[in-house]
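Owing to the predicted nature of the structure, the values given are computational and were not obtained by experimental measurement. Protein chains get the first letters and strands the later ones, always in sequence-line order, with residue 1 at the start of each.
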Amino acid sequence: MDPKRSRNSPDSPESTRFPDEVLERVLSLLRSHKDRSSVSLVCKDWYNAERWTRTHVFIGNCYSVSPEIVSGRFPAIRSVTLKGKPRFSDFNLVPENWGADIHQWLVVFAEKYPFLEELRLKRMTVTDESLEFLATSFSNFRAISLLSCDGFSTDGLAAIATHCKNLTELDIQENDMEDNGGGWLSCFPENFTSLEVLNFASQQGDVSFDALERLVARCKSLRVLKVDKYVKLEQLHRLLVQSPQLTDLGTGNFQQELTPRQFAELESAFRNCKNLHTLSGLWDATSLYFPVLYSACGSLTFLNLSYAALQSGDLVKLLPHCPNLRRLWVLDTVEDKGLEAIGSSCPLLAELRVFPADPFDLDINHGVTESGFIAVSCGCPKLHYVLYFCRQMTNAAVATIVQNCPDFTHFRLCIMNPRQPDYLTGEPMDEAFGAVVKTCTKLQRLAISGLLTDLTFEYIGKYAKNLETLSVAFAGSSDWGMQCVLRGCAKLRKLEIRDSPFGNAALLSGLAKYESMRSLWMSACNVTMNACRILAREKPRLNVEVMKDDETDSRVDKVYVYRSVAGPRRDAPPFVLTL
Amino acid sequence: MAKKSPESNAVGLNFEETELTLGLPGESRDPKSGTKRGFSETVDLNLGGSGGVEAKDENCNGDPSENEVSVAVKPPTAKAQVVGWPPVRSYRKNVMTKTGKYVKVAADGAPYLRKVDLEMYNSYQQLLGALEEMFTCFTIRDYLNERKLNDLVNGSEYVPAYEDKDGDWMLVGDVPWKMFVESCKRLRLMKGSKAIGLAPRTPPHCSSTGC
């Protein structure tokens, strides 16, 4: 399908003109969408060459642009990535039916991109009808990935399985998916063999195992298989025997009484998986059956134990078998002792996430503390990504941690009790985050917590020059804090704030900045309707969306500000006021 | 003197007066405390730092070392749950709803509670072994003068007790294992001397409908 192009734009100077074929040939090798955006700004020739050669488009906010505009600019798209709702919707801060429905996009794509192959969605609403429409409208469709989406059920998956003859990827991750049974797996035709990625770990019910086993057996290119927690250990064995070529495995339930023979068989099956680099699932795992994994652990680079409530002793036994780990996710049941084991066994560790097993249990005080974090930082100097939920922290500890690991690019610390000070000194945690931004010059993403005054934000504005994403909750003393950040962080793209004393002056101080950002979210702050109206009036290329619970109060509960070339959205529900 | 419960209902059963308690002799009932039992006054664990506990500071052991590890700052009591905080994804929240029977375990001298899943064990032996492992480090802290670390749960130092469905505190080991798992609501490792008032080994198990 060779679209017509306008050749040889009359405006470009002769001496610097490439033949279009050469330029397009070169540009088609560019993958990064940031590079492509830069290229498109060089001149008109390059803009055109870039748009004809772009095959993948990434849209970070589905409302920043419309499907018509996208398809008008890029005629040759095969792959689309779309993100919808604001991130705080993950934590129930965005009411249902807010929007970000994929359907209208699909309708336009069916017309403009009939050869669409890939669709990757995050935080979008996807109905079964949309999935059916997708499955039947695009004959070349190959890959679908849904992360944190809602609105669909296993019936939608059945439609995909039934109609997409060339499917290579079905990746359903962490979605709010209605479970209408596991029969959808039987919908793959018997002669269907192209699957490479199958992830249904978030399914909350049984699947028909026979259909799964036959599917795995005939898809010889399968490299990613993540099953749900209803798949038992002995069933896992049967799957592994059929797919030793797997690189990425998500097990089902890891707790089952096995006979010695079953144990040996399972161990042998794992031994045959010589290419495994990612392991997850491990629901209800205890260290009892870890030995079956040991032979496969040597090549692991990513281990996700965040669904297994392991104790420290379990980690101590397992980790020495995983010396090549780069990424590790655990629950805080492993406690500081478990983290010490990480520090001593995983010298190559680059990413650590510690999730809370009991985040809402108010009178239990265990989990991990600052000493566990310090232990990891001592043993893992390459650490650059951390997500850490804890119930106590000190400024001194954080200073030590970033001294040990100055290369943090993502630092997300969640002290779970709002506004909690340094538990040893009683002081605010300002110096902790001050140390982070002063020491970690490459910092791109920061999430702060604990008792924080404006001083934290002064530090951020002054030192965090590469910061792109900032998450704020229960922090700050006055407008000044937010103003510091807006003024100082030149590369800021996403700012999300909740329950903090920032008001109109702060909001309006960013007037000149918001168009260079993807979005701003403020909820339970001190912003009023007036300021939002002023913002909307001064900046017509921003969409200013307000949600108010109380008709009488002039304060807004939630305001979501984002740049858009598509104008105000037309599908806003009644509780969203677009100013 | 014990306060009566608010108006007995028309059926006329005032349970409080007739219920067995496990307090020491002469203990008064205080309906304000967490359980209706006098026992609770000797058992109240001072959870340094966690909100919601009536700050009576009733420290059953009374020695200052109890408070050594307590947290310097107390978060506000009566915390309502904040929407969307901590920021754990709904998916993860839903998926971590546990199977199994989790009960809280408190140990005298330990600064905070633990939780165990009783369904992970098949016998008292296994359970007590696990508890011993879990609470070893706290006992070590308490015995800095290098007293011998006694067998935590079987020796003279600690007595495992549990609160059953009726709110009674019983000694662990009395009833068949499965019955125990079914009726146990929470566990407590008590310093031996405090277990005096506990119900005898085979308690006549009176329910609240009166004996």
> Select one option (side chain, backbone, both, neither) describing which atoms of A:Asn175 are under 4.5 Å from chain B's heavy atoms.
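When you check distances to chain B, only backbone atoms of A:Asn175 fall under 4.5 Å.
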> Within the distance-only criterion (no hydrogens, no angle test), does the side chain of A:Asp332 pair as donor or acceptor with the backbone N or O of A:Ala357 below 3.5 angstrom?
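Between the backbone of A:Ala357 and the side chain of A:Asp332 there is a qualifying donor-acceptor contact (under 3.5 Å).
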> Does the Lys NZ or Arg CZ of B:Arg92 fall within the cation-pi geometry relative to A:Phe355 - under 6.0 Å from the ring centre and within 45° of the axis?
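Judged by the rule, B:Arg92 and A:Phe355 form a cation-pi pair.
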> Describe, in one word, how the ring planes of B:Trp85 and A:Phe474 are oriented to each other, choosing from parallel (under 30°), tilted (30 to 60°) and perpendicular (over 60°).
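If you compare the ring of B:Trp85 with that of A:Phe474, the planes turn out perpendicular.
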> Is it the side chain or the backbone of A:Ser202 that comes within 4.5 Å of chain B heavy atoms, both, or neither?
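For A:Ser202, backbone and side chain are both near chain B.
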> Quick one: what part of A:Thr286 sits under 4.5 Å from any heavy atom of chain B, side chain, backbone, both or neither?
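The answer is the side chain of A:Thr286.
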> At a heavy-atom distance under 4.5 Å, which candidate from A:Ala473, A:Pro356, A:Ser306 has the highest pair count against chain B?
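Going by pairs under 4.5 Å, I would pick A:Ser306.
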> Taking the side chain from A:Asp150 and the backbone from A:Asp176, do they hold a donor-acceptor pair closer than 3.5 Å?
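Checking the backbone N and O of A:Asp176 against the side chain of A:Asp150, no donor-acceptor pair under 3.5 Å is found.
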> Could you tell me which portion of A:Arg498 (side chain, backbone, both or neither) has an atom closer than 4.5 angstrom to a non-hydrogen atom of chain B?
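For A:Arg498, the side chain is the part near chain B, not the backbone.
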> Is it true that a side-chain atom of B:Gln126 and a backbone atom of B:Asn122 form a donor plus acceptor pair closer than 3.5 Å?
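Such a contact is found between B:Gln126 side chain and B:Asn122 backbone.
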> Check each atom of A:Ala201 against the heavy atoms of chain B and say whether the ones under 4.5 Å are side chain, backbone, both or neither.
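Looking at A:Ala201, just its backbone touches chain B.
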> Which atoms of A:Ile415 come close to chain B, meaning under 4.5 Å heavy atom to heavy atom: side chain ones, backbone ones, both, or neither?
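The backbone, not the side chain.
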> Quick check on the 6.0 Å ring-centre criterion: do B:Trp177 and B:Tyr124 meet it?
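Between B:Trp177 and B:Tyr124, the centre distance is under 6.0 Å.
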